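To start, the structure itself, in structure tokens.
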Amino acid sequence: MMRKRDLALAVFWCAATFFFGTSTHIYMKWVLNNNCPATRDENVPVITGKTPHEQCPGFGFPFPLVVGFFQVTLGGLFAYLVTRVFKIFHAPPVSSHTFWTRCVPLGLMFGVHIGLLKLSFLFLEASYVVELKQFGLVMTFVLGVVFGLEQLTVSLTAVVLLVTSGLFVASYGAKGHGDFSMFGATLLIFASIAQGFRQVLQQLLLQAGGQIRGYKEFRYMWWQSYFYNRMRQEYQAQTREAHREMDATDSNPPSPRAGVSAHDTASNQWISNRHAERQNLLSEFDPSSEVGHKNLTPMAILLYEFPCAMVVILPFALIVDVPRMSHSRLLSDPTFALEVAGVLCVGATLMVCIGFCVCKFVQLTSALSHGIGHALESILILGVSVAIFHSPMTSTNYIGYSIAIVGILLYYIIRYVDMKAIEREFLNLGGAALNWYK
């Protein structure tokens with residue numbers, strides 16, 4: 001079973017992911033609300049019987065690619081400042097091979113995901129966006145198996161299909177409404193596939209230094225780290241005790257002319273030999289020594305993926321959104337321009353927060369666990385979307401979500417049983433090593 005401290009951290013980052021994920025979805029729906037005119041002209045025809053807020057319940061800036069571009073640009077600038085300038089967060093360097101084969105594809109997939117996701121908000125309600133994003137769960141599972149991060153079992157496959165089918169049923173119930181767009185759904189499915197690639201690459205960089213390992217090696221990583229830290233503590237305690245014993249038995253301290261005594265030389269030699277023995281054993285349990293590459297930190301992930309995403313989104317923003325902005329008040333109204341700048345800064349803050357929280361959660365668990373957690377997040381977003389945007393719900397939606405909830409519960413039961421089995425196997429191995437170590 002996962003260590004209590006790691007379990008508490010995983011729950012915390014999961015809750016933070018849910019909070020910022022929900023906030024990001026509501027923010028995007030509010031900013032991109034296409035019931036408002038793109039120009040925000042004051043001479044908009046008033047719909048009889050509706051207040052201005054009911055006619056336009058949002059900010060009314062329907063330029064999703066521009067919003068996405070500024071989000072990743074400001075987010076990348078923030079990541080650069082806190083890692084390279086102020087050095088608040090550590091960002092280990094990567095080899096050129098890892099950069100071009102892992103970091104660049106990660107950023108490209110992130111850019112494709114953000115661009116298609118932002119466009120889908122113009123065609124779909126926020127609740128439908130969350131439902132259809134779950135198609136990426138299957139891609140995450142398949143890629144996890146290919147890269148050795150997950151084990152292909154009947155039970156795990158059945159659970160993934162159960163969660164996905166439940167969310168498919170929930171989204172299928174939305175087709176009867178006029179606000180459902182097949183084009184928007186297609187954009188979102190491709191965005192979900194790109195997200196699946198991105199999360200698997202994130203897990204590789206966060207937990208395995210970007211190296212592809214077999215599942216048998218990968219599954220021991222948490223407990224490997226546990227025994228590594230425990231043996232380091234044992235070694236430090238033994239070294240301190242050895243120093244105290246030798247100081248207590250030293251009855252012939254060296255004179256100033258004698259320099260270093262034979263006793264001190266023997267003591268240092270004994271400690272050096274013990275240190276070499278312990279380091280050899282520690283190297284067998286040190287995750288970084290097996291990987292051969294340093295694992296990236298969550299902020300380092302953002303540092304590498306934001307600039308690549310910016311390069312992907314920029315040409316599409318120039319082609320799709322910028323021509324439509326020629327009639328916007330953004331170019332003629334300085335006050336409105338300041339409002340837009342403030343809104344974009346808020347969006348960039350949310351982008352950095354959700355990206356960091358997702359990386360921390362994936363670092364402690366897995367990409368598949370994060371994908372499963374999206375189903376829980378979708379329930380929360382569904383309730384908020386219904387309350388704020390009055391998104392319609394049918395009995396089919398409720399049935400689909402019920403099926404998904406059953407799949408989620410089964411997934412965590414399977415994970416618990418699997419982690420207990422890993423604990424028993426590794427405790428036997430680690431216990432024998434610790435007995436020899438002492």
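If you read the sequence from its start, that first residue is 1, and numbering goes on from there. Computed from a predicted structure; not experimentally measured.
Residues L108 and V104 form a side-chain contact, since some pair of their non-hydrogen atoms from C-beta on lies under 4.5 Å apart. The side-chain heavy atoms of F110 and Q199, taken from C-beta on, include no pair separated by under 4.5 Å. H370 places a side-chain heavy atom less than 4.5 Å from the side chain of T17. A heavy-atom distance below 4.5 Å is not found between the side chains of F197 and T140. Counting heavy atoms from C-beta on, the side chains of F20 and L350 come closer than 4.5 Å. Looking only at side-chain heavy atoms (C-beta outward), L303 and R84 come within less than 4.5 Å of each other. When side chains are defined from C-beta on, T297 does not count as touching I301, because their heavy atoms never get closer than 4.5 Å. Side-chain contact check for Q202 versus L106: some heavy-atom pair is nearer than 4.5 Å.
The CZ atom of F78 sits 9.5 Å away from the OG1 atom of T83 when rounded to the nearest 0.5 Å. One finds the CG atom of D418 at 8.5 Å from the OG atom of S155 (value rounded to the nearest 0.5 Å). Rounded to the nearest 0.5 Å, atoms SG (C308) and CD1 (I313) are 11.5 Å apart. Distance check, rounded to the nearest 0.5 Å: CE of M351 to CE of M28 gives 7.5 Å. Taking CD1 from I403 and CG from L162, the interatomic distance works out to 7.0 Å, rounded to the nearest 0.5 Å. Taking OG1 from T157 and CD from Q151, the interatomic distance works out to 10.0 Å, rounded to the nearest 0.5 Å.
Looking only at distances, no side-chain donor or acceptor of Q203 sits under 3.5 Å from a matching main-chain atom of S366. Judged by distance alone, with hydrogens and angles left aside, the side-chain atoms of H113 form a donor-acceptor pair with the main-chain N or O of A191 at under 3.5 Å. A donor-acceptor pair under 3.5 Å is absent between the side-chain atoms of Y411 and the main chain of G373, judged by distance alone. Formation of a donor-acceptor pair under 3.5 Å by the R415 side chain with backbone atoms of S369 is not found in this model. Of the possible donor and acceptor atoms, none in the side chain of E150 sits under 3.5 Å from a partner among the backbone N and O of G144. Side chain of S120 to main chain of L117: a donor-acceptor pair is present (N/O by atom type, distance under 3.5 Å, no hydrogens or angles).
Across every non-hydrogen atom of Q363 and Q207, the tightest pair is O-NE2, 2.9 Å. Between A194 and V112, the closest heavy-atom pair is CB-CG1, 4.0 Å. L296 approaches C103 most closely through the heavy-atom pair CD1-SG, 4.2 Å. When all heavy atoms of G75 and A348 are compared, the closest pair comes out as N-CB, 4.4 Å. The shortest heavy-atom contact between N295 and P92 is O-CG, 3.6 Å. The minimum heavy-atom distance linking A309 with V72 is given by the pair CB-CG1, 4.2 Å.
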- Stepwise, does the side-chain contact (heavy atoms from CB on, under 4.5 Å) test hold for L344 with Q71? CA-CA 7 Å; L344 293 178; Q71 282 182 331; 5.8 Å; no
- Stepwise, does the side-chain contact (heavy atoms from CB on, under 4.5 Å) test hold for S95 with F99? CA-CA 6 Å; S95 64; F99 176 78; over 6 Å; no
- Can Y304 and V94 be said to form a side-chain contact (heavy atoms from CB on, under 4.5 Å), step by step? CA-CA 10 Å; Y304 291 122; V94 298; 4.0 Å; yes
- Task: Start with the C-alpha gap between V160 and L368, add the side-chain angles, then the distance that decides, and say whether side-chain contact (heavy atoms from CB on, under 4.5 Å) holds.
- Result: CA-CA 9 Å; V160 171; L368 183 60; 4.2 Å; yes
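Between F356 and F89, the ring center distance clears the sub-6.0 Å criterion.
A perpendicular orientation is assigned to the rings of F63 and F61, their planes being inclined by more than 60° (bins at 30° and 60°).
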If you look only at distance, which donor and acceptor atoms sit under 3.5 Å apart when one is on a side chain in residues 315-322 and the other is two or more places apart or in another chain?
from, atom 1, to, atom 2, distance (Å)
D321, OD1, R324, NH2, 2.8
D321, OD2, L65, N, 2.8
D321, OD2, V66, N, 3.2

